[in-house]
Amino acid sequence: MLVLGIETSCDETGVALYHSEKGLIADELYSQVDMHADYGGVVPELASRDHVRKTIPLIEKILANAKLATSDIDAIAYTAGPGLVGALMVGAAIANALALALEIPIIGIHHMEGHLLAPMLESEPPAFPFIGLLVSGGHTQLVSVEAIGEYEILGESVDDAAGEAFDKAAKMLGLDYPGGPRIAKLAEQARLDYGGTPYRFPRPMTDRPGLNFSFSGLKTFTLNTIQSIKETRELTDRDRAQIALAFEEAAVDTLRIKCRRALELTGMKTIVIAGGVSANLHLRQVLEKMVSKYDAKLFYARPEFCTDNGAMIAYAGYQRLNAGQSSKDGFKVTPRWPMDTLEPLNNLCESNETG
């Protein structure tokens with residue numbers, strides 16, 4: 001089975017081809033970062049228009065690179081949510097039109113399930129069950145994953161997502177969008193050039209039980225620190241780097257503490273981190289050190305599959321299509337879509353065997 005995956009949930013247009021026997025055979029990604037950087041964040045209307053311009057040419061490109069034709073595609077998977085409604089509709093419209101023309105199955109995929117399964121594309125994928133830490137611009141969740149579709153939300157952010165907090169902190173420091181990579185770069189500069197940071201920022205909600213997150217207080221503390229400096233003098237490059245390091249350390253340490261609690265609560269021995277923030281090297285290093293103390297393992301995708309991409313949608317789509325699931329209710333997108341409402345893959349397989 002050859003599955004075409006289409007991802008258009010926000011500010012990246014991703015397409016990929018996943019083969020049931022050969023694995024991932026082609027993928028392409030176009031990022032709108034430069035366009036949105038001028039506005040300090042994603043402009044939904046501009047994002048939708050750019051998906052209209054880029055999706056079909058990218059599909060044509062991966063087919064040409066793989067020396068395949070549209071007639072070789074056996075099924076299509078597209079991101080149906082969560083995400084920006086206009087951006088989702090572009091991918092859904094193209095996917096449904098193509099599936100209708102080719103008379104092939106189609107399935108709408110949950111964006112965060114795609115992220116969660118992205119590490120399965122690596123040469124040494126994690127085994128079920130595991131704890132999933134989803135950290136992106138729109139989501140911060142700890143999920144108990146028994147199998148594909150068998151998800152229990154253990155904790156989530158009650159306000160800003162981790163990636164959103166990184167972007168807002170970066171904006172306070174006068175850095176361009178997206179903020180996460182720029183905060184990380186400044187933080188590393190503080191480690192190498194300034195010997196660390198004199199600041200210690202709070203680790204929100206770690207002084208109480210539970211696995212929920214909060215990053216709005218950390219964001220406010222960052223703003224107050226910047227303003228207190230500006231009351232007496234101009235902010236220097238050293239100040240920016242040291243504040244960036246303090247922010248990164250606080251955010252990462254908060255994630256570490258919650259992941260540690262999740263290991264203790266569930267007794268599991270595997271953590272999978274996914275989403276854009278999972279590309280942060282400091283986060284990976286801190287979690288690697290933490291899991292080693294619990295005789296556990298840490299898994300994550302290669303950097304290009306941490307951000308939004310078509311490969312994760314093609315893979316998740318293949319898994320569900322192969323289990324017999326397809327979208328039978330036509331064109332549909334779901335901008336807000338709880339992941340724990342998804343159908344377990346095992347249930348699909350069992351119903352097909354008895355049907």
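- Remark: side-chain polar atoms of Arg261 are paired, donor with acceptor, to backbone N or O of Thr206 under 3.5 angstrom.
- Between the side chain of Lys258 and the main chain of Gln141, no donor-acceptor pair closer than 3.5 Å is present.
- Contact of the Gln32 side chain with the Tyr30 side chain is registered, since non-hydrogen atoms from C-beta on lie closer than 4.5 Å.
- Between Thr13 and the choices His51, Lys54, Arg53, the side-chain hydrogen bond (donor to acceptor under 3.5 Å, both in side chains) rule is met once, by His51.
- At most 12 heavy atoms of other shown residues, nucleotides or ligands fall within 6.0 angstrom of atom CD1 in Ile56.
- Side-chain atoms of Glu234 and Thr236 form no donor-acceptor pair, as typed in the model, at a separation below 3.5 Å.
- One hydrophobic cluster, built from ILVMFWY side chains closer than 4.5 Å, cannot hold both Met1 and Leu4; they sit in different ones.
- Residue-environment remark: CE (Met89) stays at or below the threshold of 12 foreign heavy atoms within 6.0 Å.
- Residues Met339 and Leu116 have side chains in contact (heavy-atom distance under 4.5 Å, counting atoms from C-beta outward).
- For Arg336, the CZ atom sits in a loose shell: 12 or fewer heavy atoms of surrounding residues, nucleotides or ligands are nearer than 6.0 Å.
- Residues Glu164 and Phe215 are not in side-chain contact: their nearest non-hydrogen atoms beyond the backbone lie 4.5 Å or more apart.
- For the residue pair Gln189/Asp237, the side-chain donor-acceptor check at 3.5 Å is not satisfied.
- Glu249 and Tyr199 form no side-chain donor-acceptor contact under 3.5 Å, judged by distance and modelled atom types alone.
- Between Trp337 and His110, the ring-plane angle classifies as tilted under the 30° and 60° cut-offs.
- When atom types are taken as modelled, the side chain of Glu7 and the backbone of Ser9 share a donor-acceptor pair closer than 3.5 angstrom.
- For the pair Cys10 and Val42, the tightest heavy-atom approach, listed with the atom from each and the gap, is SG-CG2, 4.0 Å.
- Once rounded to the nearest 0.5 Å, the distance linking CG of Asn309 with NE2 of His115 reads 7.0 Å.
- In this structure, Val252 is a member of the same hydrophobic cluster as Leu133, with clusters built from ILVMFWY side-chain heavy atoms closer than 4.5 Å.
- Summarising the geometry, atom CG belonging to Leu223 is positioned 11.5 Å from atom CG belonging to Leu218; distances are rounded to the nearest 0.5 Å.
- Residue Leu345 is grouped with residue Met112 when hydrophobic side chains (ILVMFWY) are merged at heavy-atom distances under 4.5 angstrom, including chains of intermediate members.
- Listed for the Asp340 side chain is no donor-acceptor partner under 3.5 Å among the backbone atoms of Tyr151.
- Between Tyr318 and Ser20, the shortest heavy-atom contact is CE1-CB, 3.4 Å.
- For Glu21, the CD atom is loosely surrounded, since the number of other residues' heavy atoms within 6.0 Å does not exceed 12.
- Inter-residue side-chain proximity for Leu321 and Val3 is flagged as met; some heavy-atom pair is nearer than 4.5 Å.
- Between the side chains of Glu264 and Tyr294, at least one donor N or O sits under 3.5 Å from an acceptor N or O.
- Note that CE of Met312 is 10.0 Å distant from CG of Leu121, once rounded to the nearest 0.5 Å.
- Enclosure of atom NZ in Lys61 is not indicated, since only 12 or fewer non-hydrogen atoms of other residues, nucleotides or ligands lie within 6.0 angstrom.
- Between Tyr315 and Tyr18, the two ring planes are perpendicular [angle over 60°; tilted spans 30° to 60°].
- Contact annotation: the side chain of His19 never approaches that of Leu68 to less than 4.5 Å [non-hydrogen atoms, C-beta and beyond].
- The heavy-atom pair separating Ala241 from Ala190 by the smallest distance is O-CB, 3.4 Å.
- A salt bridge is absent between Glu288 and Arg284; no separation between the charged side-chain nitrogens and carboxylate oxygens falls under 4.0 Å.
- With respect to Asp239 and Arg233, a salt bridge is recorded, a charged nitrogen being found less than 4.0 Å from a carboxylate O.
- With rounding to the nearest 0.5 Å, the separation of CD1 in Ile76 from CD1 in Ile109 is 12.5 Å.
- In terms of heavy atoms, Val277 sits closest to Leu283 at O-CD2, 3.7 Å.
- You'll find the side chain of Lys297 stays beyond 4.5 Å of the side chain of Val291, heavy atoms only.
- Judged purely by atom type and a 3.5 angstrom limit, Asn212 uses its side chain to pair as donor or acceptor with the backbone of Glu156.
- At a threshold of 4.5 Å between non-hydrogen side-chain atoms, the residues Gln227 and Lys230 do not count as touching.
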Review point. Between Met290 and Leu263, does a side-chain contact (heavy atoms from CB on, under 4.5 Å) hold up when you go through it step by step?
Key: CA-CA 10 Å; Met290 186 272 291; Leu263 284 176; 3.8 Å; yes
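- Heavy atoms only, all atoms of each residue included: Ala77 and Gly317 are closest at CB-CA, 3.6 Å.
- Side chain of Asp72 to backbone of Ala69: a donor-acceptor contact under 3.5 angstrom is found.
- Judged by distance alone, the side chains of Ser216 and Asp160 never bring a donor and an acceptor atom under 3.5 Å apart.
- Arg191 has a carboxylate O that lies under 4.0 Å from a charged side-chain N of Glu188, or vice versa, which qualifies the two as a salt bridge.
- A heavy-atom distance below 4.5 Å is not found between the side chains of Leu255 and Val286.
- Formation of a donor-acceptor pair under 3.5 Å by the Thr140 side chain with backbone atoms of Ser157 is not found in this model.
- Ser278 places no side-chain N or O within donor-acceptor distance of the main-chain N or O of Cys306, the cut-off being under 3.5 Å.
- No donor-acceptor distance shorter than 3.5 angstrom exists from the side chain of Glu122 to the backbone of Tyr300, with no hydrogens or angles considered.
- A distance of 13.5 Å separates CD1 of Ile183 from NZ of Lys171, quoted to the nearest 0.5 Å.
- From Lys332, atom NZ reaches atom CG of Asn96 across 12.0 Å, with rounding to the nearest 0.5 Å.
- Checking side-chain atoms of Thr197 against main-chain N and O of Gln242 turns up a donor-acceptor pair under 3.5 Å.
- Aromatic pair Phe247/Phe166: centroids less than 6.0 angstrom apart.
- Tested against Leu134 for a side chain to side chain contact (heavy atoms under 4.5 Å, CB included), the candidates Val143, Ile153, Leu142 yield a single pass: Val143.
- When hydrophobic clusters are built by joining Ile, Leu, Val, Met, Phe, Trp and Tyr residues whose side-chain heavy atoms come closer than 4.5 Å, directly or via intermediates, Val145 is not grouped with Met268.
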